[in-house]
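Data first, discussion second: the structure below is written as structure tokens.
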Amino acid sequence: MLRTHTCGELRPDRIGSQVSLCGWVDRVRDHKGVIFIDLRDRWGRTQVVVGPDADSTTLAAARAARSEWVLRVTGTVGARPEGTTNPKLATGAVEVVCTAIEVLNEAETPVFQPGATDLPGEEVRLAHRWLDLRRAAMQDNLFLRSRIVKIMRDHCDELGFIDVETPMLGRSTPEGARDFLVPSRLDHGSFFALPQSPQLYKQLLMMAGFDRYVQVAKCFRDEDLRADRQPEFTQLDLEMSFVEADDVIGVIEGLVRRTAREILGLDVALPLPRLTYDECMERFGHDAPDLRYGLEIVDLTPLAAESEFRVFRGAIEAGGRVRGIRVPGAAGRFSRKELDELTAVAVEAGAKGLVWLKVEPDGSWSGPVAKNLTGIAAGLQERLGCGPGDLALVVADSFEVTCKALHTLRKRLGAELGLYDPKAMNFSWVVDFPMFARDTESGGWTAMHHPFTAPKPEHLAFLDSDPASCRAVAYDLVINGSEAGGGTIRIHDSATQEKVFKLLGITAEMARERFGFLLDALRSGAPPHGGIALGIDRWVMLFGGLDSIRDVIAFPKTQKASDLMTGAPAAVEPKQLVELGVRVVAPPKPAAPRPEGG
RNA sequence: GGGGGUGUAGCUCAGUUGGUUAGAGCGCCAGCCUGUCACGUUGGAGGCCGCGGGUUCGAGUCCCGUCACCCUCGCCA
């Protein structure tokens with residue numbers, strides 16, 4: 001080793017020892033007679049002192065040293081003179097009195113200083129990611145990620161899971177998300193697809209008798225990006241045989257508890273609350289509700305039906321609903337302009353408008369349509385639980401639109417009014433998802449989760465009679481209103497699987513071609529099985545209290561799925577295309593210029 | 001694909017109603033400084049105002065287009 005210690009570990013007990021440290025120059029403070037160099041590595045920072053009595057070579061090296069140079073410093077650990085200790089630094093009671101400096105590498109002036117207080121824009125950070133990753137905050141994020149993944153692996157290992165790797169090159173399945181395709185060189189015109197998840201492989205591992213499988217699995221989905229979505233992401237993917245939903249849920253609850261304790265020192269009470277999908281939509285308008293605050297949705301349809309207000313009557317007569325939320329004490333907090341903004345939010349979410357009502361100190365309603373509601377005012381207030389000073393927001397529309405609009409409003413108000421502690425962590429399960437949803441384009445059925453999800457045993461008959469009412473043995477883990485994982489018990493008999501395929505519009509022929517191996521395997525002794533996949537990037541983001549998934553991924557992509565550091569994706573040599581039998585139809589764009597120094 | 005935001009020095013940003021030579025802090029370079037730790041201090045260098053077009057006597061500022069990045073809707077079985 002070039003060093004005896006890291007830059008984060010020297011303490012007064014080492015005073016007098018001869019040490020060597022290696023690291024980057026964080027800052028130089030040249031006082032002419034004495035020069036201070038803060039040397040930084042991933043462990044911390046240590047002050048190196050070059051005094052006037054240092055030899056001329058060492059003095060010259062200290063004078064020459066610049067930001068981000070890589071040095072090996074040799075010297076003696078000294079106590080800092082009284083009054084010059086730095087309590088902000090873990091190593092702040094000592095310093096290394098330098099006797100020799102070896103410049104391991106010089107560095108060009110960095111585009112930005114990793115130690116600077118001003119955070120550069122994300123474009124700059126991504127283009128110079130190696131510098132960005134020197135920042136303590138980013139290092140902390142990746143350490144956190146490493147710790148969480150270790151907890152996950154330990155947890156599963158202790159429970160008898162076997163870690164199996166599954167292929168990155170697989171077969172494209174047109175259902176679900178768009179695939180990333182890889183052309184075959186040996187079979188022109190054929191393509192591999194990168195896995196959206198190891199779903200079928202892990203089911204086959206159950207059929208092979210491994211009983212408990214786990215993998216930290218890279219997954220790929222070629223869909224548009226978001227603050228919490230990347231085209232390649234990592235899941236803790238696991239599957240278990242001879243289990244019911246409660247067994248899988250139990251394994252994950254143990255992991256939640258353990259992670260919360262080890263990472264945050266938080267004691268999570270088990271079992272976690274469970275809500276059904278239907279209850280979630282009714283109370284929160286969303287299948288991944290944020291339970292850190294209230295603002296629950298209240299159904300006002302029966303009352304509204306008694307009013308003469310055309311907006312309400314019209315929605316109800318069209319088969320819709322009238323629903324609202326009470327915002328306690330908010331009547332005085334929102335100006336007309338802000339209420340117009342809330343209305344715009346509701347409209348953006350699909351509603352035709354937003355009815356807002358304030359309860360005045362005397363208990364009367366005020367608001368643009370208050371006069372239309374005189375007949376039911378008392379009833380509405382009672383149903384919503386509104387009192388003087390409260391604000392009520394009401395939407396009349398189809399059930400889906402009221403869900404969307406009120407969910408969006410609820411989320412916004414929760415954050416804007418500071419209704420929860422940003423450090424609070426809330427874990428819950430959402431269960432009993434519908435098996436099927438209507439495809440808005442074709443009008444046919446589409447799988448709410450995926451086509452291998454088992455229906456609740458008591459709902460099997462619905463597959464024939466009423467698919468919309470059929471509920472799945474599905475469970476989503478929700479953390480602070482974010483979907484942090486989702487799983488199901490799978491279909492383990494071929495007859496049910498074939499029936500579900502048929503419902504989804506997959507003909508027997510198509511099923512045989514694409515999923516023949518699965519159907520064969522199901523007929524060759526498939527155990528009852530089920531599992532779950534947890535979004536590791538999201539877990540780290542949520543446990544780290546971060547807003548962007550990019551901050552927990554070492555080398556993430558931009559919103560247009562490009563890598564600003566390497567320039568990927570990029571055009572390839574014509575020769576490569578010929579080898580692959582691939583012709584580009586769109587005229588190739590000139591390669592994007594790479595950043596200076598990149 | 002739709003909606004919104006941003007783009008000015010290496011970095012973070014300011015830039016008024018369209019007006020002469022585009023500013024600040026940090027960083028960089030040089031001088032001074034023996035106890036600083038966001039060192040201090042003096043001076044200096046550094047600009048395709050994202051890019052292209054237009055309006056105007058005159059554009060960082062107004063208009064049109066375009067590109068990049070961010071947020072978001074659609075999408076994400």
Under a 3.5 Å limit for both distances, which nucleotide forms a Watson-Crick or G-U wobble pair with [N], could you say?
| N | value |
| --- | --- |
| B:C32 | B:G40 |
| B:A14 | none |
| B:A22 | none |
| B:G7 | B:C67 |

Between [N] atom [atom2] and [X] atom [atom1], what is the distance in whole Å?
| X | N | atom1 | atom2 | answer |
| --- | --- | --- | --- | --- |
| A:Arg135 | B:C11 | CZ | C1' | 13 Å |
| A:Arg229 | B:C73 | CZ | C1' | 10 Å |
| A:Glu123 | B:A68 | CD | P | 10 Å |
| A:Asp132 | B:C11 | CG | P | 14 Å |
| A:Leu564 | B:C70 | CG | C1' | 12 Å |
| A:Leu119 | B:C13 | CG | C1' | 14 Å |
| A:Glu341 | B:G5 | CD | P | 13 Å |
| A:Leu546 | B:C70 | CG | C1' | 17 Å |

So, is A:Arg550 close to the B:C71 phosphate, meaning a side-chain N or O under 4.0 Å from OP1 or OP2? yes
Are OP1 or OP2 of B:C73 and a side-chain N or O of A:Arg226 less than 4.0 angstrom apart?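 Indeed, a polar side-chain atom of A:Arg226 lies that close.
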Considering only atom [atom1], compute the distance from [N] to [M] and round it to an integer number of Å.
| N | M | atom1 | result |
| --- | --- | --- | --- |
| B:G15 | B:G23 | P | 15 Å |
| B:C63 | B:C76 | C1' | 38 Å |
| B:U61 | B:U20 | C1' | 16 Å |
| B:G60 | B:A9 | C1' | 14 Å |
| B:G50 | B:A22 | P | 15 Å |
| B:A45 | B:G10 | C1' | 13 Å |
| B:C69 | B:A30 | C1' | 37 Å |
| B:C75 | B:C62 | C1' | 37 Å |

For a quick check of understanding: with a heavy-atom distance under 4.0 Å over all strands, which category does [X] fall into, base, sugar-phosphate or nothing?
| X | answer |
| --- | --- |
| A:Ala177 | sugar-phosphate |
| A:Gly121 | sugar-phosphate |
| A:Lys404 | sugar-phosphate |
| A:Ile35 | nothing |
| A:Gln559 | base |
| A:Ser197 | base |

Checking only heavy atoms, does the side chain of A:Arg66 share a donor-acceptor pair with the base of B:G27 at less than 3.5 Å? no
What about A:Arg125: does its side chain form a donor-acceptor pair under 3.5 Å with the base of B:C11? no
Can we say [X] and [Y] salt-bridge, meaning some charged N sits less than 4.0 Å from an Asp/Glu carboxylate O?
| X | Y | result |
| --- | --- | --- |
| A:Lys337 | A:Asp340 | no |
| A:Glu513 | A:Arg171 | yes |
| A:Glu239 | A:Arg490 | yes |

Polar side chain donor-acceptor pair, [X] to [Y], under 3.5 angstrom:
| X | Y | result |
| --- | --- | --- |
| A:Ser548 | A:Asp551 | no |
| A:Gln47 | A:Arg29 | yes |
| A:Tyr213 | A:Gln215 | yes |

Do you know the tightest heavy-atom contact between A:Val395 and A:Ala405? CG2-CB, 4.2 Å
Considering all heavy atoms, the nearest A:Arg11-A:Thr91 contact: NH1-CG2, 3.7 Å
Taking protein heavy atoms under 4.0 Å as touching, what does nucleotides 35-47 of chain B look like 5' to 3' if B marks base contact, S marks sugar-phosphate-only contact and - marks none? BBBBB--------
Contacts of A:Gly176 and A:Ser548 projected onto RNA chain B by closest heavy atom; the upstream (5') one is A:Ser548
Quick check, are the ring centers of A:His450 and A:Phe452 under 6.0 angstrom apart? yes
Check for me whether the distance between the ring centres of A:His31 and A:Phe36 falls short of 6.0 Å. yes
Could you work out which one of [options] sits closest to the side chain of [X]?
| X | options | value |
| --- | --- | --- |
| A:Lys560 | B:C69, B:G27, B:C71 | B:C69 |
| A:Asp224 | B:G74, B:C76, B:A68 | B:G74 |
| A:Thr109 | B:C28, B:C69, B:U72 | B:C28 |

